[in-house]
2 protein chains.
Amino acid sequence: MGDGQKTKRGQGDRLAQICTAIRRAILDRALRPGDRLPEDTLGERFGASRTIARHALGQLAAEGLVDLRRNRMAVVAIPSLDEARDIFDLRVVLERQVVLNLAGRLTAQQMRQLQALVDAEHKARHGEDGMSIRLATEFHVKLAEMTGKSILIRYVTEICYRAGLALSAFGRPHSSDCAVSEHLDLIEAIRTGPPEKAADLMEAHLEAVAGRALLHAADARNRDLMEILAPYAEPG
Amino acid sequence: MGDGQKTKRGQGDRLAQICTAIRRAILDRALRPGDRLPEDTLGERFGASRTIARHALGQLAAEGLVDLRRNRMAVVAIPSLDEARDIFDLRVVLERQVVLNLAGRLTAQQMRQLQALVDAEHKARHGEDGMSIRLATEFHVKLAEMTGKSILIRYVTEICYRAGLALSAFGRPHSSDCAVSEHLDLIEAIRTGPPEKAADLMEAHLEAVAGRALLHAADARNRDLMEILAPYAEPG
DNA sequence: TCGGCATCAATTGCATGCACTTTTCTTGCG
DNA sequence: CGCAAGAAAAGTGCATGCAATTGATGCCGA
């Protein structure tokens, strides 16, 4: 064992490896909407052949993180503003469910885990902005995982990543996307509060995030060309 | 044009073709939980190589319809009773959203489309039971599509298929899984009623379906071995 | 200088081949 | 007669090769 460097080690799942790497890169804004993802490059980077990279891109496309058009190079998905809104709308619904499932049932150990994640967020707050989306997402995903319901976990995880992508597309770079204190309040509400109240807090939290990021997004960028030109289309 | 039979025609997407074929087969109960899905056979059946079949299986696994374990043959997923319950729980939440989106906004044409689907269900009612799940599912999926929200559409579609699989695993063969009249009531409620009321009706409808199928499922089959043997474990 | 067109490098789509793993069948033994 | 060990068959995991498509480059005429 402890052999050289590549041939037999993580052999297990380079596919999953590629997927998670790309997901993380998207949350970190290292990959931004529209960025190209050539199969060769991907495969080469991870010591796999195009076959694997291709398969990974297929999975990511199924998750809505990658756009895959025939005979064209794969690109990181470019969410429209409407899609972004729909994503956050549904995210609210799903995460409300998470909170309803969890309210009043957190074990001490789970509390500790969540606390640790929030601490990490707090520390990273002093660093660059890029990591904040990822850490915030990890918090929300961990919450979902605590429900133990695999379907809910999968959907929440997926939609959190897509929301992160939307934030990357529309959020202002320096906006504090997920206020750390809000996560703390959330934990407290889930631990003590009545389920409905905790769920409402989650809803408010997510609305706040979406609001901060998307409210005036149309002013800032990515507007449809039609929309941009509309005012200029009047005769005279 | 009008060439022979295979080489250049549907070339476009044999992958999607395989996926939809398997999905339909699952809803029709032609494929049942645990059925084997060898790559070769699949590819051969659809005039594609294993590469494509493999990719298709990957997609279906991502949707939760197929179980994919390393070096083992793919099988149609075998939902546990808990999973089945979680699926229906989340399905209720998602389809409530669909109804809330649609309530009071159906166009005349949309009404006609839904009516047509219910008619088809009514006709098939006289035929064998197998088709009823698929037609009922098509009704629910069509409703989701009418929201125009791609994320909602994707999740509802997926969860409907998984629910169909759960029904296939636990539902009694002769149970009328989706009462046709309930779908009619649903349409009416969505057209006229206040959103919340329509959503409640959808919830009641789905609870009824799940209840009919899953309530006593544990009595009928698929019990855990531990559970089965528990009464016999007493000493003496 | 600019737009259209041919050529070419880069890239995807897919099948096939080979190594390895699992499953099934067979055969010999208790 | 059952059953376990081993051999053969079937199947998966993955890389690579080749044809087809695309996007870019450069050329030429206006």
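Chain A is the first sequence line, chain B the second, and so forth, proteins listed ahead of strands; every chain is numbered from 1. FYI, side chains are in, hydrogens and waters are out, and symmetry mates aren't considered; it's all heavy atoms of this structure.
For the pair B:N71 CG and C:dT23 P, the computed distance is 9 Å after rounding to whole Å. We find that CZ of A:R14 is positioned 7 Å from C1' of D:dC14, with the value rounded to whole Å. The separation between B:R70 atom CZ and D:dG11 atom P is 19 Å, rounded to whole Å. Atoms CZ (B:R54) and C1' (D:dC14) sit 8 Å apart, rounded to a whole Å. Summarising the geometry, the separation between CG on A:L57 and P on C:dT11 is reported as 14 Å, rounded to the nearest angstrom. Residue A:H55 contributes atom NE2, which lies 15 Å from atom C1' of C:dC14 at whole-angstrom precision. Rounded to whole Å, the distance from CD on A:E39 to C1' on D:dT22 is 14 Å. Look at CG on B:L68: it is 16 Å from P on D:dG11, rounded to the nearest Å.
Comparing A:A48 and B:L37 against DNA chain D, the residue whose closest nucleotide sits nearer the 5' end is B:L37. Each of A:M73 and B:M73 was matched to the nucleotide of DNA chain C holding its nearest heavy atom; the match closer to the 5' end belongs to A:M73.
At a threshold of 4.0 angstrom between heavy atoms, the contacts of B:R36 are confined to the sugar-phosphate backbone, with no base atom among them. Note on A:R50: a base of the nucleic acid sits closer than 4.0 angstrom, heavy atoms only.
At C:dT21, none of the side-chain N or O atoms of B:R72 fall inside 4.0 Å of OP1 or OP2 (strictly under the cut-off).
A:R50 and A:E44 are not joined by a salt bridge, as no carboxylate oxygen comes within less than 4.0 angstrom of a charged side-chain nitrogen. Electrostatic pairing of B:K149 and A:E83 does not count as a salt bridge here, judged by no charged N lying under 4.0 Å from a carboxylate O. For the pair A:R154 and B:E63, the salt-bridge criterion is not met [side-chain N within less than 4.0 Å of a carboxylate O].
The listed nucleotides are C:dT16, D:dA15, C:dT21; the one nearest the side chain of B:S49 is C:dT16.
By the 30° and 60° cut-offs, the orientation of the rings of A:H140 relative to A:H183 is perpendicular. Ring geometry for B:H55 against A:H55 counts as tilted: the plane angle lies between 30° and 60°, on a 0 to 90° scale.
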